[in-house]
Amino acid sequence: MSCRRIRDYGIGIGSFPTGERNSIGDIPGVSVGHCTIDTERHKTGVTVILPCEGNMFAGKLAAASYVLNGFGKTAGTIQINELGTLESPIALTNTLNVGLVQDALVSYMVERCQEEGVPLFSFNPVVGECNDCHLNDIKERAVNTSHVFSAISSASADFEQGDVGAGKGTICFGLKGGIGSSSRRIEIDGKTYHIGVLVQSNFGKMEDLVIQGMEIGRTIRKWQEEEKKKCPKADDEGSIMSIIATDLPLSSRQLHRILRRAAMGLGRTGSHVGHGSGDVMIGFSTANVISGASGDGESFSHIQILHESLMDIPFRAVIEAEEEAILNSLAAADSVTGYTEETCHALDPYLKRYLELQKQQ
């Protein structure tokens, strides 16, 4: 698996400094695990984001979700928006595996709560998806419970990006997409906070791709036509799942506002949010933990939230992190040949060629 990131090409995004890892793993307690299925017929998998180290069902996190375009099959977002809390790991997979992954998350949390003596009679598992049918024989639904548990057990703050896990079979701007992540470090009242983004990229039309203002997609399309290379997916269809995490104290309403601004980072890469694209954002704050137990003697939850006048800071930070996470998903991915023997090509050789030509001009 490649370790390339967009900054390896001398391309920096935005003005805020990144976190130490430049990933969602910069938020303390957040970890990510993958299980990749890479066979002749299946290029798919599952990626699981664990929002905290403790039992999330016993200590729920402030959360929100936002649907930019609803051509998707996400599970669990209705309750997130109704209650403003997250009580589940967030799993990403392919479209037809949402139900199976949802069931696996239920099994995981039931087992964990039994082991820890936490009563559980209802649970809201959260699963997002992208359709990887161009490279993966999606009808066979290759992901099962063992893959979900494997992803959870392998979770770490340091994780792979690119064509791995739920990103193994995804296509972004006609090139190989996948899992990408980025973070931004912000300072408020002398304290340091982070905003991290993880994406599963599977959207966009090649001609629309923009990198740091460079309309590179049109040039790549021209080169591919000259090379007689065919993209498995040429239209603006697909999806993007964006998971946004922060240790900044925020309410669910403030998180919802931040998620909406992530759409601007998506647009800066050239996305037009096509008809067939499911563009969904899910966000949470690790700073506000809300007890999941009823009858625990407390009638009120006490949380701290950022003053509204300072919201411009996380707004700008999430836009930058969203843009860079998408570009990292492209930069980190290698070419992949799917079950129909069509190949989706990596960005890497085209970007190197483009930048070299820019130097010569």
Side-chain angles (χ1 to χ4, degrees), residues 1 24 30-58 60-61 63 65 72-80 86-133 135-157 159-160 163-170 178-179 198 200 202 239 241 243 278 280 282 284 292 338-339:
M1 183 60 56
I24 199 171
V30 175
S31 58
V32 176
H34 305 294
C35 185
T36 305
I37 302 172
D38 186 2
T39 66
E40 184 177 346
R41 296 199 63 78
H42 300 128
K43 308 294 180 183
T44 192
V46 60
T47 294
V48 179
I49 299 93
L50 297 177
C52 62
E53 295 177 352
N55 188 320
M56 294 192 57
F57 190 76
K60 308 177 196 300
L61 304 182
S65 73
K73 288 77 182 170
T74 306
T77 56
I78 294 175
Q79 182 171 310
I80 288 177
L86 176 69
E87 62 187 29
S88 167
I90 301 171
L92 305 176
T93 189
N94 69 61
T95 305
L96 297 188
N97 263 121
V98 169
L100 291 166
V101 171
Q102 184 181 29
D103 185 69
L105 287 181
V106 172
S107 297
Y108 165 76
M109 192 55 73
V110 167
E111 289 181 16
R112 179 164 184 176
C113 285
Q114 286 177 341
E115 291 173 358
E116 298 176 5
V118 176
L120 184 153
F121 302 102
S122 176
F123 174 58
N124 184 50
V126 179
V127 185
E129 57 80 26
C130 287
N131 196 317
D132 57 15
C133 67
L135 296 174
N136 170 53
D137 190 352
I138 194 171
K139 298 184 297 299
E140 295 186 357
R141 293 182 291 174
V143 179
N144 60 41
T145 299
S146 67
H147 298 121
V148 178
F149 274 65
S150 176
I152 292 172
S153 65
S154 69
S156 170
F159 55 91
E160 292 181 313
D163 52 300
V164 64
K168 182 62 187 181
T170 61
I179 300 296
L198 180 143
Q200 177 191 17
N202 190 53
S239 295
M241 290 296 310
I243 311 303
V280 180
I282 300 172
F284 59 89
Y339 73 108

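Note that the structure is a prediction, hence the values are computed from the model and not measured.
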A.B. asks: Using 0.5 Å steps for rounding, measure from the CG atom of Leu105 to the CZ atom of Phe149.
C.D. replies: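 So the CG of Leu105 and the CZ of Phe149 are separated by 8.5 Å.
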A.B. asks: Taking only residues two or more places apart in sequence or in another chain, which ones pass side-chain hydrogen bond (donor to acceptor under 3.5 Å, both in side chains) with Tyr339?
C.D. replies: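 Tyr339 satisfies side-chain hydrogen bond (donor to acceptor under 3.5 Å, both in side chains) with no other residue.
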A.B. asks: For Asp38, give me all partners under salt bridge (Lys or Arg N to Asp or Glu O under 4.0 Å), at least two apart in sequence or on another chain.
C.D. replies: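 Per chain and number, Asp38 pairs via salt bridge (Lys or Arg N to Asp or Glu O under 4.0 Å) with Lys43, Lys168.
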A.B. asks: Rounded to the nearest 0.5 Å, how far does CD1 of Ile243 lie from CD of Gln200?
C.D. replies: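 Between Gln200 CD and Ile243 CD1, I get 8.5 Å after rounding to 0.5 Å.
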A.B. asks: Measure the spacing between CD1 of Ile37 and NE2 of His42 and express it to the nearest 0.5 Å.
C.D. replies: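 Rounded to the nearest 0.5 Å, the CD1-NE2 separation comes out at 7.5 Å.
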A.B. asks: Out of the candidates Thr93, Asn124, Val127, only one should pair with Gln102 under the side chain to side chain contact (heavy atoms under 4.5 Å, CB included) rule; please name it.
C.D. replies: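 Only match with Gln102 under side chain to side chain contact (heavy atoms under 4.5 Å, CB included): Val127.
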A.B. asks: Which heavy atom of Ser153 sits nearest to which heavy atom of Ser150, and what is that distance?
C.D. replies: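 Answer, listing the atom of Ser153 first, then Ser150: OG-O, 2.9 Å.
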A.B. asks: Tell me every residue that passes side chain to side chain contact (heavy atoms under 4.5 Å, CB included) with Cys133, counting only those two or more places apart in sequence or in another chain.
C.D. replies: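 Residues passing side chain to side chain contact (heavy atoms under 4.5 Å, CB included) with Cys133: Asn131, Ile138.
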A.B. asks: Just so I know, are the side chains of Tyr108 and Thr145 near enough to count as touching, which here means a heavy-atom distance under 4.5 Å?
C.D. replies: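 With C-beta onward as the side chain, the pair stays apart.
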A.B. asks: Report the residues that fulfil salt bridge (Lys or Arg N to Asp or Glu O under 4.0 Å) with Glu53, sequence neighbours left out, ordered by chain and then residue number.
C.D. replies: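 If we apply the salt bridge (Lys or Arg N to Asp or Glu O under 4.0 Å) test to Glu53, skipping adjacent residues, there are no hits.
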A.B. asks: Where is the tightest heavy-atom contact between Ala142 and Thr44, given as atom of each residue plus distance?
C.D. replies: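 The answer is CB-CG2, 4.3 Å.
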A.B. asks: Please identify each residue that fulfils side-chain hydrogen bond (donor to acceptor under 3.5 Å, both in side chains) with Thr47, with sequence neighbours left out.
C.D. replies: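 Residues passing side-chain hydrogen bond (donor to acceptor under 3.5 Å, both in side chains) with Thr47: His34.
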A.B. asks: Which residues pass the side-chain hydrogen bond (donor to acceptor under 3.5 Å, both in side chains) test with Ser31, sequence neighbours left out?
C.D. replies: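 Partners of Ser31 under the side-chain hydrogen bond (donor to acceptor under 3.5 Å, both in side chains) test: none.
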A.B. asks: Test of understanding: with salt bridge (Lys or Arg N to Asp or Glu O under 4.0 Å), list the residues that count as partners of Arg41, not counting sequence neighbours.
C.D. replies: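 Per chain and number, Arg41 pairs via salt bridge (Lys or Arg N to Asp or Glu O under 4.0 Å) with Asp137, Glu140.
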A.B. asks: Are more than 12 heavy atoms from other residues, nucleotides or ligands located less than 6.0 Å from atom CZ of Arg141?
C.D. replies: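 For Arg141, atom CZ is not crowded (no more than 12 foreign heavy atoms under 6.0 Å).
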A.B. asks: Once rounded to the nearest 0.5 Å, what's the spacing between atom CZ of Phe123 and atom CD of Gln79?
C.D. replies: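 Those atoms lie 9.5 Å apart.
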A.B. asks: Between Ser239 (side chain only) and Cys130 (backbone N and O only), is there a donor and an acceptor less than 3.5 Å apart?
C.D. replies: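 Side chain of Ser239 to backbone of Cys130, a donor-acceptor pair under 3.5 Å: no, none is there.
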A.B. asks: Name all residues meeting the side chain to side chain contact (heavy atoms under 4.5 Å, CB included) criterion together with Glu129; count only those two or more places apart in sequence or in a different chain, and write none if there are none.
C.D. replies: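 Glu129 satisfies side chain to side chain contact (heavy atoms under 4.5 Å, CB included) with Lys73, Thr95, Val98 only.
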A.B. asks: Tell me every residue that passes side chain to side chain contact (heavy atoms under 4.5 Å, CB included) with Ala157, counting only those two or more places apart in sequence or in another chain.
C.D. replies: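 For Ala157 the side chain to side chain contact (heavy atoms under 4.5 Å, CB included) partners, ignoring immediate neighbours, are Arg21.
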A.B. asks: With a 3.5 Å distance limit and no angle check, can you tell me whether Asn97 reaches the backbone of Val143 through a side-chain donor-acceptor pair?
C.D. replies: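 Answer holds: yes.
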A.B. asks: Check whether any side-chain heavy atom of Val118 sits under 4.5 Å from a side-chain heavy atom of Phe57, and report yes or no.
C.D. replies: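 When only atoms from C-beta onward are counted, Phe57 and Val118 do touch, with a gap below 4.5 Å.
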A.B. asks: What I'd like to find out is whether the side chain of Leu198 reaches to under 4.5 Å of the side chain of Leu92, using heavy atoms alone.
C.D. replies: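 Side-chain contact under 4.5 Å: yes.
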A.B. asks: Could you list the residues that satisfy side-chain hydrogen bond (donor to acceptor under 3.5 Å, both in side chains) with Ser122, not counting sequence neighbours?
C.D. replies: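 side-chain hydrogen bond (donor to acceptor under 3.5 Å, both in side chains) check on Ser122 returns nothing, list empty.
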A.B. asks: State, yes or no, whether a side-chain contact exists between Asn55 and Cys113 at a heavy-atom distance under 4.5 Å.
C.D. replies: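 Yes - at least one pair of side-chain heavy atoms lies under 4.5 Å apart.
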A.B. asks: Atom CD1 of Ile152 and atom CE of Met109: how far apart are they, to the nearest 0.5 Å?
C.D. replies: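 So the gap between those two atoms works out to 8.0 Å.
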A.B. asks: Between Gly165 and Thr36, what is the shortest heavy-atom contact and its length?
C.D. replies: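 Nearest pair, atom of Gly165 first, then Thr36: N-OG1, 2.7 Å.
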A.B. asks: Taking all atoms of both residues into account, what is the closest heavy-atom pair of His147 and Val46, and its distance?
C.D. replies: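 Where His147 meets Val46 most closely, the heavy atoms are O-CG1, 3.5 Å.
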A.B. asks: Holding to side chain to side chain contact (heavy atoms under 4.5 Å, CB included), I want the full list of residues that pass it with Gln114, two or more places apart in sequence or in another chain.
C.D. replies: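 Expected list: Val110.
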A.B. asks: Sequence neighbours excluded, which residues qualify as salt bridge (Lys or Arg N to Asp or Glu O under 4.0 Å) partners of Glu111?
C.D. replies: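 Expected list: none.
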A.B. asks: Does Thr170 use its side chain to pair, donor to acceptor, with the backbone of Gly178 at less than 3.5 Å?
C.D. replies: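 Between the backbone of Gly178 and the side chain of Thr170 there is a qualifying donor-acceptor contact (under 3.5 Å).
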A.B. asks: How long is the straight-line distance from CD1 of Ile179 back to CD of Glu160, given to the nearest 0.5 Å?
C.D. replies: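 CD1 of Ile179 is found 11.0 Å from CD of Glu160.
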A.B. asks: For residues Ser88 and Pro51, report the shortest heavy-atom separation together with the two atoms involved.
C.D. replies: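 Heavy atoms only, the tightest pair is O-CG, 4.0 Å.
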A.B. asks: Would you call Val164 and Phe159 a side-chain contact if the rule is heavy atoms closer than 4.5 Å?
C.D. replies: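 No. Closest side-chain heavy atoms not under 4.5 Å.
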